[in-house]
Amino acid sequence: MADKDWTDALLDRLAATRSRKEIEAYQVTARISRIALHIANHQEEVFGRFGLNRGEVGVLGALLLAGPGQQLSPTQLFQGLMLSSAGITSRLDRIERRGYVKRTRHPSDRRGVLVSLTDAGRQVLEQAVAADAPGEQELLSALTKEDRRALAVQLKKLLAALEATP
């Protein structure tokens, strides 16, 4: 195990006023939060080279995942991406102006809109992901292949519990 890190130091300080049991979860959650910041900083830097941010890449990725020629409503997008309605609207506005998505009227709902990925959007997403992939590998370079597999299994288990549908 690694030497004491920032989280260990914080928890040692908190242990002076809180029980170890009360702060035990922070052994995991504080580290996940810090790792998420490292990932976010890396991705923002790489995606920024393509004029995108992480949120916009998320929207393009969700549309790609829907499949060729598929259209999603803004509601489907914001629910899948865990955003607010306003958050998805501003992202769609930005990437539509750049020609990466196309909004069309819903055929059976006068108030509805459907969003599709354009060829330009698919292309910029592929370029951004290709540029990001080596850095993602580097972020995990302290872990062996077996460590990464085991961690992925545990994170998938935790995420499945957090996102379980009632």
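The residues Asp5 and Arg34 are annotated as not salt-bridged, no charged nitrogen and carboxylate oxygen being separated by less than 4.0 angstrom. A salt bridge does not link Asp8 to Arg13: none of the charged side-chain nitrogens sits closer than 4.0 Å to a carboxylate oxygen. A salt bridge is defined here as a Lys NZ or Arg NE, NH1 or NH2 lying under 4.0 Å from an Asp or Glu carboxylate O, and Arg103 with Asp93 meets this definition. In this structure, Arg94 pairs ionically with Glu56, as a charged nitrogen and a carboxylate oxygen lie closer than 4.0 Å.
Atoms CZ and CD, on Arg54 and Glu45 in that order, are 13.0 Å from each other to the nearest 0.5 Å. Rounding to the nearest 0.5 angstrom, the gap separating the CG atom in Leu125 from the CG atom in Leu63 is 9.5 Å. Atom CZ of residue Arg31 and atom CH2 of residue Trp6 lie 10.5 Å apart, to the nearest 0.5 angstrom. Going from atom CZ of Arg20 over to atom CG of Leu11 covers 6.5 Å, rounded to the nearest 0.5 Å. Annotation: the span from Arg122 atom CZ to Leu60 atom CG amounts to 10.5 Å, rounded to 0.5 Å. Here Gln27 contributes atom CD and Leu10 contributes atom CG; the two are 10.0 Å apart, rounded to the nearest 0.5 Å.
Within 6.0 Å of atom CZ in Phe50, more than 12 heavy atoms from other residues, nucleotides or ligands are found, so the atom counts as buried in its surroundings. Other residues, nucleotides and ligands contribute more than 12 heavy atoms inside 6.0 Å of the CD atom of Glu22.
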Check the pair Glu138 / His42 against side-chain contact (heavy atoms from CB on, under 4.5 Å), numbers first and verdict last.
-> CA-CA 10 Å; Glu138 180 62 29; His42 163 75; over 6 Å; no
Would Leu77 and Leu92 satisfy side-chain contact (heavy atoms from CB on, under 4.5 Å), going step by step from the backbone distance to the final call?
-> CA-CA 10 Å; Leu77 283 167; Leu92 288 172; 4.1 Å; yes
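Across all non-hydrogen atoms, the minimal contact from Thr118 to Gly99 is OG1-O, 2.6 Å. Among all heavy-atom pairs drawn from Leu117 and Tyr100, the shortest one is CD1-O, 3.6 Å. Considering all non-hydrogen atoms of both residues, Pro107 and Leu114 come closest at CD-CD1, 3.8 Å. Across all their heavy atoms, Ala15 and Ile23 have their closest contact at N-CD1, 3.8 Å.
In terms of hydrophobic clustering, with Ile, Leu, Val, Met, Phe, Trp and Tyr side chains grouped at heavy-atom distances under 4.5 Å, Leu81 and Val101 are assigned to a common cluster. Under the 4.5 Å side-chain heavy-atom criterion for ILVMFWY residues, no single connected hydrophobic cluster contains both Leu65 and Val129. Linking Ile, Leu, Val, Met, Phe, Trp and Tyr whenever their side-chain heavy atoms come within less than 4.5 Å puts Leu64 and Ile88 in one cluster. Each of Leu151 and Ile39 belongs to its own hydrophobic cluster when Ile, Leu, Val, Met, Phe, Trp and Tyr are linked at side-chain heavy-atom distances under 4.5 angstrom.
A donor-acceptor pair under 3.5 Å is formed between the side chain of Asn41 and the backbone N or O of Leu37.
Checking Thr104 against Gln71 by side-chain atom types alone, a donor-acceptor pair falls below 3.5 Å.
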